[in-house]
Novice: 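One structure follows; several queries about it will come next.
Ligands are counted one by one from 1 in listed order, and the atoms in each one are counted from 1 as well. Count residues from 1 along the sequence. Being a predicted model, the structure only gives us computed values, none of them experimental.
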Amino acid sequence: MIHTPIQLQVKKRKRQTEQSLQVQHEVKFRDMTIYLVERKMGSSRRTFLTNLARKKGFYVQYDLSNEVTHVVAEDNEAQELRAWLLDHGLKDKASVQLLDITWFTESMAAGRPVVVESRHRIQGNKDQEINCLQRSSQKVSQYACQRRTTIINCNKTFTDAFEVLAEHAEFNENAGRCLAFMRATSVLKSLSGAVGCFGDLEGLPCLGDQTKAVIEDILETGRSFKVQEILNDEKFQVLKLFTSVFGIGPKTSEKWYRKGLRTFEEVHADNSITLNKRQEAGFRYYDDILKGISKAEAEALAGIIEEAVHMIVPDATVTLTGGFRRGKEFGHDVDFILTTPESGEEEGLLVGVIKKLRIKGLLLYHELHPATFDVTKLPSRKFEAMDHYPKCFLILKLWSKLLDDSAQADGASQRDWRAVRVDLVAPPISHFAFALLGWTGSRQFERDMRRFAQHERKMLLDNHALYDKTKQIFLLAKTEEDIFAHLGLEYIEPWERNA
Ligand code: DCT
Ligand code: MG
């Protein structure tokens, strides 16, 4: 059958309407937008796969917009596919991943996006691939707040190594070296593909000679000798063990190491050591806290906190922040921001919530830090300083029965609950946007946003406010978008802030 142009238009419109009328499924994986290439796949298979992915919580688009992050094709040769995509309006080729259908089917089977491996990529000849990564690297900003970093890290081999080096530098109180490795980690995490050869690093910011030497080692031998040496070092292992306890930082760990202590048993047996309340709780719930918290557990906790909050202030709001707001599947704690419609009720709310949690038998440990808020001292120049909002650090009892997955129950100890770390912070409602931005993190993203504000805009940003030094005024913000706009930055979604 031959279609006239008008028939074709009608058919196209009909198809678009059909697509827009489809059942709306909840999007679980917000940090990626998939586009399935119809070329060679055929329209009915494409529709089938689209529906399947949407049902599983993936966001699939029919149009090749700038939002697309993952292009999936079947039986397409690399060069032909690239030409076809350019022809169909793909603009920012460097930031999308070109993936074979195997990545898609594996992700459907797993019920979540599987990590992109090089076997999933649709690759032309090697030279083209290298050039492709180089071209994208020229645009990489030195500031994390100008990069989009999802939880998908294509360069884990390198970033794991850098994280060891950063921690080692921190233990040795070498803050500059620590920051250098953290910045390099953050740049590599933002790349849409894996670094495959030394040439790929050209044009990338924040990579010094030392970081490049580590990458070169890994590229050549699959590992870094320096990192291996640190991992095998007794002192590093002991400091890592001690700092893994809630309440014990590098300074205390170093002190204990110098005393000759190497194990928890030795710490407990040493009569000259008096643990503070936080450290006691850290040891008591060590195994539980070390395990980390899943997204399902974070959601269950949100319900518990909301219930307690609403018993004190019925119209208060509870907002999940920290790593979970950035789309992470696991975290070491759960961070919530509480706000009340009336400024001034914040601290009372925290006290009340702690009381309710205690009555319910859920409070295992609490530490309340009252507000040290002094408006005349704003904005703070101490970028790394704790903010001044009232907050509390808690360890709560999470009943296994609250979770759908009974496998979450602590089988080993036969307990039907586990201890989890929760942070609550309660800024005045007028400061909500700044607190939300600050507590969403990541730490590197926040650091770079403050650095960008100061060096590029002559502004001071912290968890409380944004100050324009040239105009000598505070810039008000109701939303995070307002803050990005004041700074002249493109908005970066929370799930793109995993720097
Ligand atoms: N933060 C802050 N001031 C603090 C502590 C934290 O502004 N005194 C910010 C930085 C990141 C965010 O709050 C959450 O902190 P964490 O819970 O330590 O980090 P996370 O990104 O949530 O990671 P994790 O999954 O390990 O909890
Ligand atoms: Mg957290």
Novice: Tell me whether the NZ or CZ atom of R262 lies within the 45° cone about the ring axis of Y257 and under 6.0 Å from its centre.
Specialist: yes

Novice: For D335, counting its heavy atoms only, list the atoms of ligand 1 lying under 4.0 Å from any of them.
Specialist: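 Those of ligand 1 that fall under 4.0 Å from D335 are 14 (C), 17 (O), 22 (O).
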
Novice: If you measure every N or O of R443 against every N or O of ligand 1, does any of those distances drop under 3.5 Å?
Specialist: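 Min N/O separation from ligand 1 is below 3.5 Å for R443.
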
Novice: Just jot down the ligand 1 atoms closer than 4.0 angstrom to any heavy atom of D333, in number order.
Specialist: 17 (O), 27 (O)

Novice: Can you see whether R451 engages Q454 through a side-chain donor-acceptor pair at a distance of less than 3.5 angstrom?
Specialist: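 No, no side-chain donor-acceptor contact under 3.5 Å.
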
Novice: Applying ring pair (Phe, Tyr, Trp, His ring centres under 6.0 Å) as the test, list every pair that has at least one member in residues 277-318; sequence neighbours left out.
Specialist: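 Those involving residues 277-318 are F264-F283, F264-Y286, H268-F283.
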
Novice: May I ask whether G438 has any heavy atom positioned less than 4.0 angstrom from an atom of ligand 1?
Specialist: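 In this structure, G438 qualifies as a contact of ligand 1 - some heavy atom is under 4.0 Å.
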
Novice: Crowded around K259 NZ? As in, over 12 foreign heavy atoms under 6.0 Å?
Specialist: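 Correct, the count exceeds 12.
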
Novice: Restricting to pairs with a member in residues 340-357, which pass side-chain hydrogen bond (donor to acceptor under 3.5 Å, both in side chains), not counting sequence neighbours?
Specialist: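 For residues 340-357: none.
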
Novice: Can you list every pair that meets ring pair (Phe, Tyr, Trp, His ring centres under 6.0 Å) and has a residue in residues 479-498, with sequence neighbours left out?
Specialist: F484-Y491

Novice: Which of the numbered atoms in ligand 1 are under 4.0 angstrom from any heavy atom belonging to R326?
Specialist: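 Here the atoms of ligand 1 in question are 21 (O).
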
Novice: Please name the pair of heavy atoms, one in F324 and one in E329, separated by the smallest distance, quoted to 0.1 Å.
Specialist: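 Minimum heavy-atom contact is CE2-O, 3.8 Å.
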
Novice: Check whether more than 12 heavy atoms from other residues, nucleotides or ligands sit under 6.0 Å from atom CD of E234, and answer yes or no.
Specialist: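 Yes, enclosed.
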
Novice: For ligand 1, which is the ligand I care about here, please tell me if N463 has any N or O atom under 3.5 Å from one of the ligand's N or O atoms.
Specialist: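 Yes, since at least one N or O of N463 sits under 3.5 Å from an N or O of ligand 1.
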
Novice: Using 2.8 Å as the cut-off, note every protein N, O or S atom close to the Mg ion (ligand 2).
Specialist: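 Correct list: D333 OD1, D335 OD2.
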
Novice: Looking at G331, which atoms of ligand 1 are within less than 4.0 Å of one of its heavy atoms?
Specialist: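 Taking each heavy atom of G331 in turn, ligand 1 has 25 (O) under 4.0 Å.
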
Novice: Does the side chain of E490 pick up a donor-acceptor pair with the side chain of Q146 at under 3.5 Å?
Specialist: no

Novice: Under 4.0 Å from a heavy atom of H332: give me the atoms of ligand 1 that qualify, with their elements.
Specialist: 17 (O), 18 (O), 24 (P), 25 (O), 26 (O), 27 (O)

Novice: Polar-atom distance check: G323 versus ligand 1, any N or O pair below 3.5 Å?
Specialist: yes

Novice: Using a strict cut-off of less than 4.0 Å between a Lys/Arg side-chain nitrogen and an Asp/Glu carboxylate oxygen, indicate whether E496 and R326 qualify as a salt bridge.
Specialist: no

Novice: Evaluate whether atom NZ of K295 has more than 12 neighbouring non-hydrogen atoms of other residues, nucleotides or ligands under 6.0 angstrom away.
Specialist: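 Yes, the 6.0 Å shell around NZ holds more than 12 heavy atoms from other groups.
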
Novice: Output yes when the distance from some N or O of ligand 1 to some N or O of K328 is under 3.5 Å, and no in every other case.
Specialist: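 The answer is yes, given that K328 and ligand 1 share an N or O pair closer than 3.5 Å.
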
